[in-house]
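Report on the following structure.
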2 protein chains.
Amino acid sequence: METILSSAAKTVAIGPGRPVCIIGERINPTGRRALAAEMASGNLERVGADALAQVAAGASVLDVNAGIPMVDEPALLAEVIEIVQSVTEVPLCIDSSVVEALDRGLEVYQGRALVNSVTGESDRMEAVFPLVARHEAAVIGLVMDEDGIPESAEKRLAVARTILNRAGEHGIPAADVLIDPLVLPVGASPEAGRVALETLRLVTSELGLNTVCGASNVSFGLPGRPALNSAFLSMTAASGITAVITNPLDETSRTGILAGDLLMGHDEHCMNWIATHRAAAAEA
Amino acid sequence: METILSSAAKTVAIGPGRPVCIIGERINPTGRRALAAEMASGNLERVGADALAQVAAGASVLDVNAGIPMVDEPALLAEVIEIVQSVTEVPLCIDSSVVEALDRGLEVYQGRALVNSVTGESDRMEAVFPLVARHEAAVIGLVMDEDGIPESAEKRLAVARTILNRAGEHGIPAADVLIDPLVLPVGASPEAGRVALETLRLVTSELGLNTVCGASNVSFGLPGRPALNSAFLSMTAASGITAVITNPLDETSRTGILAGDLLMGHDEHCMNWIATHRAAAAEA
């Protein structure tokens, strides 16, 4: 099953058997104070530069988030989308917890976007799915509902199934629903990594859906975070992941993704791996 | 299910839910010309030093191999085992393709050894299992038989089942049979990594056996081998591996193993991971 995203000029397919789709996470003011201040004041120069840098580093899709306290998020997100689409051709992942911001973002977006995100909470699904359906977009479903984040992989699978079914009722095909297994920090919860990986495996084998996750959360609070994130990215590949939301400028993480692709047989003739090593050798 | 190995003074348990057991691979003349020349001339000083260095670097078990062309392997292997057992307390993995060498090695070994290895070939099983049973040792079964190495994970599982059943006929309990899924180079065979990982998962879930593999073979012929080996070691953890045969002095590989343990919830209170980073920080 393939998820097809597009911009006006470019199409990207996400699915099993392909290299993992890298969704660049940098255009997000959360935790980036300088960027947040610039964005709040209407200066979007760094947004454009971040877009170009991430695409150069291997991102096939860019996540765009404009969540800044006290700022008109719908208007800012729409502006960010227009800027990013004016400098790059990659499809975008429109990221907000504010339904009106998703709506405005989808209105100005050129192509088939990925919406980040919906949960298994009934009122969220009823608010987000009509937008996704109207714009023929794809959507990321987080495996949590009114009762919070289930502890077991089996219960997370059940939430994924609920999201899939409800999406279907809105006319959204299964190929356009990606599931995020929710990766919590292993430092606080030792089961967190194993449960997320098992959820990936179950969603892939039982529902046949594409999957996506962020990796950096898993190492929160621990030393050696780049090495942990990189190892986790390789492990998600072994569990069937099809897309990751990450910082492509982080070379350690990128190595984990490319190694995972190669070791799963998804890097044809080892071309991406070898090209990356040639480029690194040329720089050295 | 736990595999219990021992020396005269020390017991090691291998099984799910524990950190992956690191079996040090360095005491092996294959590909180490200087070591081979020394061993052939009866100089076993480096063998003792390699044993200590590997244990200091985190090996819980040491593989010992004395396969040198034109050398009396049974006599040399017995001597190597005696030297290694005189300098360290960790249990040993007695490694030879020569049945008489396994026999002599088991005769002199103090404790419960791991025998490396048997295959699913009937004559190998009939030669090796009686030794394993008589010495109450554990044994590594390679998933290949008279027809070679099966291409699919399902067929490798079938060979593992044959090995398990035949071992049972010789009175060897399932806990003492570890399966090696056979990791071939991905550079030559793009499916190699995925098939090995799927075999690990099937052997674990269908037979409940412990598993072991070497990781360095997977990267043969490719650039960036340490990063690939490290990623693959993390991926085997995600697929349920319980022991790896590797060089613990290779820090990149060791990072992949420790990250895998932590991310699977097998590093209690993240102690091994944090201790390794404190030691690295103290050295820097």
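Residue numbering restarts at 1 for every chain, and letters A, B, ... go by the order of the sequence lines. These numbers come from the heavy atoms of this one structure, side chains and all, not from hydrogens, waters or symmetry mates.
Under the 4.5 Å side-chain criterion, counting only non-hydrogen atoms from C-beta, Ser234(B) is not in contact with Phe232(A). Leu263(B) places none of its side-chain heavy atoms less than 4.5 Å from the side chain of Arg194(A).
For the residue pair Ala227(B) and Thr255(A), the shortest heavy atom distance occurs at CB-CG2, 3.8 Å. Of all non-hydrogen atoms in Cys270(B) and Gly187(A), the two that sit nearest each other are SG-CA, 4.1 Å. The nearest pair of heavy atoms linking Ala237(B) to Met235(A) is CB-CE, 4.4 Å.
If you measure heavy-atom distances from Leu228(B) to chain A, the contacts under 4.5 Å come from both the backbone and the side chain. Interface remark: Arg201(B) contributes side-chain atoms only to the contact with chain A (heavy atom separation under 4.5 Å). Looking at Leu222(B), the atoms closer than 4.5 Å to chain A (heavy atoms on both sides) all sit in the side chain, from C-beta outward. No part of His269(B) comes within reach of chain A, as not one of its non-hydrogen atoms sits under 4.5 angstrom from that chain.
Counted within 6.0 Å of CD on Glu268(A), heavy atoms from surrounding residues, nucleotides or ligands total 12 or fewer; the atom is thus considered open. When the shell of 6.0 Å around CD of Glu251(A) is examined, it contains 12 or fewer heavy atoms from other residues, nucleotides or ligands.
Counting only distance, with no hydrogens or angles, the side chain of Trp273(A) and the backbone of Gly224(B) share no donor-acceptor pair below 3.5 Å.
Put simply, CD on Glu191(B) and CE on Met264(A) are 10.0 Å apart, with the number rounded to the nearest 0.5 Å.
Counting heavy-atom pairs under 4.5 Å between each of Leu262(B), Leu233(B), Thr252(B), Val218(B) and chain A puts Leu262(B) at the top. Of the listed residues Gly193(B), Ala238(B), Pro223(B), Gly265(B), the one with more heavy-atom pairs under 4.5 angstrom with chain A than any other is Pro223(B).
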